[in-house]
Enquirer: 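Quick one: the structure is below, questions incoming.
Side-chain atoms are counted along with the backbone in the values below, which use heavy atoms only and exclude waters and symmetry mates.
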Amino acid sequence: MSTPYPFTALVGQSDLRLALLLNAVSPAVGGVLVRGEKGTAKSTAVRALSTLLPQVDVVPGCRFSCAPTAPDPVCPDGPHEPGPAAARPARMVELPVGASEDRLVGALDIERALSEGVKAFEPGLLADAHRGILYVDEVNLLHDHLIDLLLDAAAMGASYVEREGVSVRHAARFLLVGTMNPEEGELRPQLLDRFGLTVEVAASREPLQRVEVVRRRLAYEDDPAGFAGRWSGDEDEVRSRVVAARALLPQVRLGDTSLLQIAATCAGFEVDGMRADIVMARTATALAAWAGRTEVRKEDVRQAALLALPHRRRRNPFDAPGLDEEKLDRILDGFPDDEPDPEPEPEQEGPGEGPTDDGPDDGGPDGEGPDGEGGVPPQGSGPDAPGAEPEAPTGPEQQPEAQPSAQEKTEAAGPAEQAPVRAAEPFRTKMLSVPGLGEGASGRRSRARTAHGRTTGAQRPRGQLTKLHLSATVHAAAPHQKARGRTGRGLVVRKDDLRQATREGREGNLVLFLVDASGSMAARQRMSAVKGAVLSLLLDAYQRRDKVGLITFRGASADLALPPTSSVDAAAARLENLPTGGRTPLGAGLLKAHEVLRIERLRDPSRRPLLVVVTDGRATSAGSVGGDPRALSARSARLLAAGGVASVVVDCESGPVRLGLAGVLAADLGGLAVTLDGLRADSLAGLVKNVRTPSPTLRRAA
């Protein structure tokens, strides 16, 4: 087993360390979601936490980690007789993004079922994580069916398995820790709410702190055991402090004033449900215990709000999580100052456990260790060393992008360019799906053969068997038992008898937006409506777990504003800053879409594309290709149709006189034309179930 990086050797990231330690003190807080850019020690910190957790007592031989003092009465390995307990370290179980359902919840032991004729349950990762940590790296990329299982287990504290004639229930109470990079897509709100706390992390912009990070990492890689040994004293100190805080936790008093502060804060930020109030109460109590106090103070409530509310407040899907600290202070200032503690605070033995807010200096070799403070640590995830410069705003979505100058914009788009306008209010769109049956990544848009979903039949496996259809396998083997000389209870099964289950679910698609930003679209009210429609389609793609890309065309060329990505909010940000003006190179835009889709098909051949063209259909420029603009756009559209690209044209033409050019474009693409008003799900046109595929005639014409 490799030596983990010491928790106390982490540089900076005080909020991340505090959130993890609070969960170690009080697992009832409900876990941590760590959001941040890549390379910010998210996974390192989580893996290091497991070494600080106290050992757990378990029933010897129990695969489900039952506690000897209170064993699970329905444990599959029970009933347990009284006897000596076995102590072991708390486990940290990692759930891979590509894990199967059987690996997560467990399944029937097929080998024993077929060979011995008995039903035997093989536990999964939820059983392994009971009374420990369940860690999901890149949790935002986890398949929906696994998220549903996690939600059930987190809500009930137990895992229920009902499949293949097996009915099993076992306890599954664990500390759920997830890490994610928001640039790769957001989490479903249901799963987001299951994390007790959330922390935003970013790499320090302070050169001295970055140097210290590199120095420690290199020292660890050169000699992991020696490096860990130099930090063992600090690790023992924090471990002792966690144990002391756990022992003090039942004595912490959460007064009526603190409860009112918590309730007023949750109401003021309009969070949904009551889970936020409960999590804040548990977090504030854990903060007081961590500081060695028996009374919750206002600063505990404030810190609890900063950790528990950012991901729960009401916001649009494309808004970054966060909390208005000025508003938080106004809410808390409406309450009287904390009452003095009714009794003296208990004396804390050992280093780093003093009851005062000014804890001892960090005791690490380089002056950096656990926070070491006795009270509430500094706010934010920046450097906490004295004299350190404040960090840049956290989160990739807050980092300003280099914008071209006004002169550069004018040269690129011509003098007719207009400033960006705000998008109209988004609305719920009709369902647009790619026809046929795909085999892409799990999602919620188009029908597909998937590894998870409803079982539609069985077939002989092509290649490696991944999902056994038990009844079909038994039916295939049953007629041959006499010829194979069966004598016992087990079934004589050969490789030719195995059957693969075929399942049908939904897949996510690549939705490529091709947006007309030319002068014909530049009327402010019109472009606002266009942006609102595209934003609505982006919201729909976000909910259906699609990848998205954004191409804009105006002037003399088309630009890939956003390469295909799972970060839908990045597309929304690009759309918000979209300028308009110039001529209309529709053909260049279609050719650019063809090139992008060709490259993406090589990268991810199983993900089917859906092209959404937002335009009035006019073509007034052939760009660098030259020739007749209309003829070029028609040829480009037929080229896409020949490739079998499903498409829809959102007709932005308005006014009493309409040319119908968007309809002509849709016909060339072999797709569907829909007006801006007809795109609404509540319009009289009804529900659009499928975008048409290009017809064979169009393919031959191309």
Enquirer: Would you give the length of the straight line joining atom CG of L53 to atom CG of L175, rounded to the nearest 0.5 angstrom?
Expert: 7.5 Å
Enquirer: If the condition is side chain to side chain donor-acceptor pair (under 3.5 Å), which residues does R169 pass it with, not counting sequence neighbours?
Expert: D72
Enquirer: With a 4.5 Å cut-off on side-chain heavy atoms, are R486 and L491 touching?
Expert: yes
Enquirer: Just wondering, do V613 and V648 contact through their side chains at under 4.5 Å, heavy atoms?
Expert: no
Enquirer: State, to 0.1 Å, how close A472 and A458 come at their nearest heavy-atom pair, and which atoms those are.
Expert: CB-CB, 3.7 Å
Enquirer: Testing the basics here: between A572 and L535, what is the closest heavy-atom pair and its distance to 0.1 Å?
Expert: CB-CD1, 4.0 Å
Enquirer: Closest approach of A87 and Q55, non-hydrogen atoms and distance?
Expert: CB-OE1, 3.8 Å
Enquirer: Which is it for V32 and V199 under the side-chain contact (heavy atoms from CB on, under 4.5 Å) test, yes or no, and what are the steps along the way?
Expert: CA-CA 7 Å; V32 187; V199 178; 4.2 Å; yes
Enquirer: Report the C-alpha distance between L95 and L134 in whole Å, list the side-chain angles of each, state the deciding distance to 0.1 Å, and finish with yes or no for side-chain contact (heavy atoms from CB on, under 4.5 Å).
Expert: CA-CA 7 Å; L95 173 60; L134 181 62; 4.3 Å; yes
Enquirer: Roughly how far, to the nearest 0.5 Å, is the CG atom of N181 from the CG atom of N140?
Expert: 7.5 Å
Enquirer: Would you say R460's side chain and D496's backbone share a donor-acceptor pair under 3.5 angstrom?
Expert: yes
Enquirer: Can you check whether H469's main-chain N or O pairs, donor with acceptor, with Q500's side chain at less than 3.5 Å?
Expert: no
Enquirer: Test your reading of the model: is there a side-chain donor-acceptor pair from N23 to the backbone of G31, 3.5 Å cut-off?
Expert: yes
Enquirer: Give every residue pair that meets the side-chain hydrogen bond (donor to acceptor under 3.5 Å, both in side chains) criterion with at least one member in residues 82-96, sequence neighbours excluded.
Expert: R47-E94, S65-R88
Enquirer: Between the main-chain N or O of A172 and the side-chain N or O of S159, is there a donor-acceptor pair closer than 3.5 Å?
Expert: no
Enquirer: Which is it for E439 and R608 under the side-chain contact (heavy atoms from CB on, under 4.5 Å) test, yes or no, and what are the steps along the way?
Expert: CA-CA 8 Å; E439 296 181 348; R608 297 186 295 164; over 6 Å; no
Enquirer: Would Y135 and S50 count as a side chain to side chain donor-acceptor pair (under 3.5 Å) if you check the C-alpha gap in whole Å, the side-chain angles of each, and the deciding distance to 0.1 Å?
Expert: CA-CA 10 Å; Y135 172 48; S50 61; over 6 Å; no
Enquirer: Go through the structure and list residues passing side chain to side chain donor-acceptor pair (under 3.5 Å) with R484, not counting sequence neighbours.
Expert: D497
Enquirer: How far apart are the closest heavy atoms of V161 and G106, and which atoms are they?
Expert: CG1-O, 4.2 Å
Enquirer: Measure the NE2-CG distance between H311 and L197 for me, rounded to the nearest 0.5 Å.
Expert: 7.0 Å
Enquirer: Is the backbone N or O of D193 less than 3.5 Å from a side-chain atom of R312, with the two atoms forming a donor-acceptor pair by type?
Expert: yes
Enquirer: Restricting to pairs with a member in residues 49-60, which pass salt bridge (Lys or Arg N to Asp or Glu O under 4.0 Å), not counting sequence neighbours?
Expert: none
Enquirer: Hey, what do you get for CZ (R574) to CZ (F513), rounding to the nearest 0.5 Å?
Expert: 15.0 Å
Enquirer: Could you list the donor-acceptor pairs under 3.5 angstrom formed between side-chain atoms of residues 121-128 and any protein atom two or more places apart in sequence or on another chain?
Expert:
none

Enquirer: Could you walk me through whether V34 and L16 pass side-chain contact (heavy atoms from CB on, under 4.5 Å), step by step?
Expert: CA-CA 7 Å; V34 187; L16 170 58; 3.6 Å; yes
Enquirer: Check V168 against P76 and note the closest heavy-atom contact, atom names and distance.
Expert: CG1-CG, 3.6 Å
Enquirer: Checking the side chain of H170 only, and the main-chain atoms of C75 only, is there a donor and an acceptor separated by less than 3.5 Å?
Expert: no
Enquirer: Nearest 0.5 Å please: distance from the OG1 atom of T198 over to the CG atom of L33.
Expert: 4.5 Å
Enquirer: Quick test of your reading: applying ring-ring contact (aromatic ring centres under 6.0 Å, His included), list the pairs with at least one residue in residues 426-445, sequence neighbours left out, ordered by first then second residue.
Expert: none
Enquirer: For K42 and E37, indicate whether the former's side chain and the latter's backbone hold a donor-acceptor pair under 3.5 Å.
Expert: yes
Enquirer: Minimum heavy-atom separation for L539 and P426, please, with both atom names.
Expert: CD1-CB, 3.5 Å
Enquirer: In chain order, what residues pass the side-chain contact (heavy atoms from CB on, under 4.5 Å) check against I599, with sequence neighbours excluded?
Expert: E595, R603
Enquirer: N509: which residues meet the side chain to side chain donor-acceptor pair (under 3.5 Å) condition with it, sequence neighbours left out?
Expert: S446, E507
Enquirer: Is there a side-chain contact between V511 and V612, using heavy atoms and a 4.5 Å cut-off?
Expert: yes
Enquirer: Can you name the residues that form a side-chain contact (heavy atoms from CB on, under 4.5 Å) with A478, not counting sequence neighbours?
Expert: none
Enquirer: Do side-chain atoms of R445 reach the backbone of L432 as a donor and acceptor pair under 3.5 angstrom?
Expert: yes
Enquirer: Return the set of residues passing side-chain contact (heavy atoms from CB on, under 4.5 Å) with S636 (not counting sequence neighbours), or none when no residue passes.
Expert: L590, L591, L632
Enquirer: Quick check for you: to the nearest 0.5 Å, what is the distance between L510 atom CG and L611 atom CG?
Expert: 9.5 Å
Enquirer: In the structure I gave you, are the side-chain heavy atoms of K592 and L560 within less than 4.5 Å of one another anywhere?
Expert: yes
Enquirer: Test of understanding: with side chain to side chain donor-acceptor pair (under 3.5 Å), list the residues that count as partners of R462, not counting sequence neighbours.
Expert: none
Enquirer: My understanding is that only residues two or more places apart in sequence, or in another chain, count here; which of them pass side-chain contact (heavy atoms from CB on, under 4.5 Å) with D152?
Expert: M156
Enquirer: Does any part of the side chain of L512, heavy atoms only, come nearer than 4.5 Å to the side chain of I551, both counted from C-beta?
Expert: yes
Enquirer: Is there a side-chain contact between L597 and L640 (heavy atoms, below 4.5 Å)?
Expert: yes
Enquirer: Does V136 reach the side chain of V177, with side-chain heavy atoms less than 4.5 Å apart?
Expert: no
Enquirer: Would you check if V56 and P54 make a side-chain contact, meaning some heavy-atom pair closer than 4.5 Å?
Expert: no
Enquirer: For R428, is there an ion pair with D540 - N to carboxylate O distance below 4.0 angstrom?
Expert: no
Enquirer: Under 3.5 Å, side chain of K430 to main-chain N/O of G678, donor-acceptor pair present?
Expert: yes
